[in-house]
Amino acid sequence: MAMLTLTEAFRPLTVGKNQLLTITHVDYDEKYMKAKVTFADADGRSATEYFTFKGKKKGEMNTVALSIFSNIAYCATHDFTVRDIDPTEIEGAKIIAEVYEQDYTNEQGETKHFIHLKGFREAPIYDDEDEGQEDVW
């Protein structure tokens, strides 16, 4: 019988406020105007947020999704100027966020459990020599 070595498995982020997260991956599909942003904490737990920027009507933008993604990008880059950005520029950046749980019951009566992020803020920038001991901003 063939053997398969198991990994540590997927572990979702724990619920809580003021969590330091790293943006580990951004996948942006320009054709469908969708982004998938993966966040992880120092212990390897992760969560993924999905954004659809195309609005319901032709030619419209989903301003809610664009505003949330913009806030993430501003906090990740520490630059709050309105500008064009390659979504992958924020990979590797750190942010502070609140992790919360949400249950959703669909039309078939099935309850789904989701982990989401909100309350995005800039993560402190540390001087390399201080190894995270003191804010420089």
Side-chain angles (χ1 to χ4, degrees):
M1 175 182 283
M3 301 297 285
L4 180 65
T5 303
L6 300 178
T7 67
E8 289 184 26
F10 174 78
R11 297 177 299 148
L13 292 174
T14 56
V15 173
K17 295 183 178 186
N18 301 321
Q19 295 196 41
L20 178 64
L21 305 173
T22 302
I23 299 169
T24 57
H25 186 70
V26 178
D27 185 24
Y28 179 61
D29 184 331
E30 190 173 3
K31 179 178 178 182
Y32 295 104
M33 298 178 68
K34 293 184 178 192
K36 180 170 90 171
V37 183
T38 304
F39 302 85
D41 66 9
D43 294 324
R45 294 179 294 244
S46 64
T48 302
E49 290 286 342
Y50 299 88
F51 301 93
T52 301
F53 303 119
K54 187 182 252 183
K56 292 183 180 185
K57 294 182 181 176
K58 188 173 183 171
E60 273 188 1
M61 293 293 286
N62 179 345
T63 56
V64 173
L66 189 55
S67 293
I68 295 169
F69 183 84
S70 295
N71 193 38
I72 293 168
Y74 292 147
C75 292
T77 61
H78 297 270
D79 180 354
F80 286 82
T81 58
V82 176
R83 65 196 187 281
D84 290 340
I85 186 171
D86 175 348
T88 61
E89 282 180 44
I90 63 174
E91 284 183 0
K94 296 189 181 313
I95 62 164
I96 303 285
E98 178 183 343
V99 179
Y100 69 99
E101 296 174 296
Q102 179 183 31
D103 289 327
Y104 170 74
T105 303
N106 65 19
E107 293 173 357
Q108 291 78 29
E110 301 168 325
T111 300
K112 306 280 183 172
H113 184 74
F114 297 96
I115 299 289
H116 289 292
L117 303 173
K118 67 179 180 180
F120 299 101
R121 298 190 331 269
E122 294 174 276
I125 299 175
Y126 298 107
D127 187 346
D128 289 341
E129 294 176 15
D130 292 337
E131 280 298 307
Q133 300 300 312
E134 189 176 328
D135 265 340
V136 295
W137 47 273

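Here, residue 1 is the first one in the sequence, and each next residue gets the next number.
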Rounded distance (nearest 0.5 Å) linking atom [atom1] of [X] with atom [atom2] of [Y]:
| X | Y | atom1 | atom2 | result |
| --- | --- | --- | --- | --- |
| Phe39 | Leu117 | CZ | CG | 5.5 Å |
| His113 | Asp103 | NE2 | CG | 5.5 Å |
| Asn62 | Ser67 | CG | OG | 8.5 Å |

Q. Where does the angle between the aromatic ring planes of Phe69 and Phe51 fall among parallel (under 30°), tilted (30 to 60°) and perpendicular (over 60°)?
A. perpendicular

Consider only side-chain heavy atoms of I, L, V, M, F, W and Y, link residues closer than 4.5 Å, and tell whether [X] and [Y] are in one cluster.
| X | Y | answer |
| --- | --- | --- |
| Leu20 | Ile95 | no |
| Met61 | Ile72 | yes |
| Tyr100 | Ile68 | no |

Ring pair (Phe, Tyr, Trp, His ring centres under 6.0 Å) filter on Phe120, not counting sequence neighbours, yields none

The ring pair (Phe, Tyr, Trp, His ring centres under 6.0 Å) partners of Phe80 (sequence neighbours excluded) come to Tyr74

Partners meeting side chain to side chain contact (heavy atoms under 4.5 Å, CB included) with [X] (sequence neighbours left out):
| X | result |
| --- | --- |
| Ile85 | Ala73, Thr77, Arg83, Glu89, Ile90 |
| Glu107 | none |
| Ala47 | Leu13, Ile115 |

Identify every side-chain donor-acceptor pair in residues 26-33 under 3.5 Å, counting partners at least two apart or on other chains, and give the distances.
{"residue": "Asp29", "atom": "OD1", "partner": "Lys31", "partner atom": "N", "Å": "3.0"}
{"residue": "Asp29", "atom": "OD1", "partner": "Tyr32", "partner atom": "N", "Å": "3.2"}

The complete set of salt bridge (Lys or Arg N to Asp or Glu O under 4.0 Å) pairs with one or both residues in residues 110-121, sequence neighbours excluded, reads none

Residues pairing under salt bridge (Lys or Arg N to Asp or Glu O under 4.0 Å) where one sits in residues 45-58, two or more places apart or in two chains, turn out to be Asp41-Arg45, Asp43-Arg45

Correct closest heavy-atom pair for Thr14 and Gln19 would be O-NE2, 2.6 Å

Of all heavy-atom pairs linking Ile96 and Ala123, the shortest is CG1-CA, 3.8 Å

Partner residues of [X] under the side chain to side chain donor-acceptor pair (under 3.5 Å) criterion, sequence neighbours left out:
| X | value |
| --- | --- |
| Thr22 | Lys94 |
| Gln102 | His116 |
| Thr48 | Thr38 |

(Q) Whether the side chain of Glu98 engages the backbone of Val15 through a donor-acceptor N/O pair (distance < 3.5 Å, no angle test) should be reported. (A) no

Under a side-chain separation threshold of 4.5 Å, the hydrophobic residues clustered together with Leu4 are none

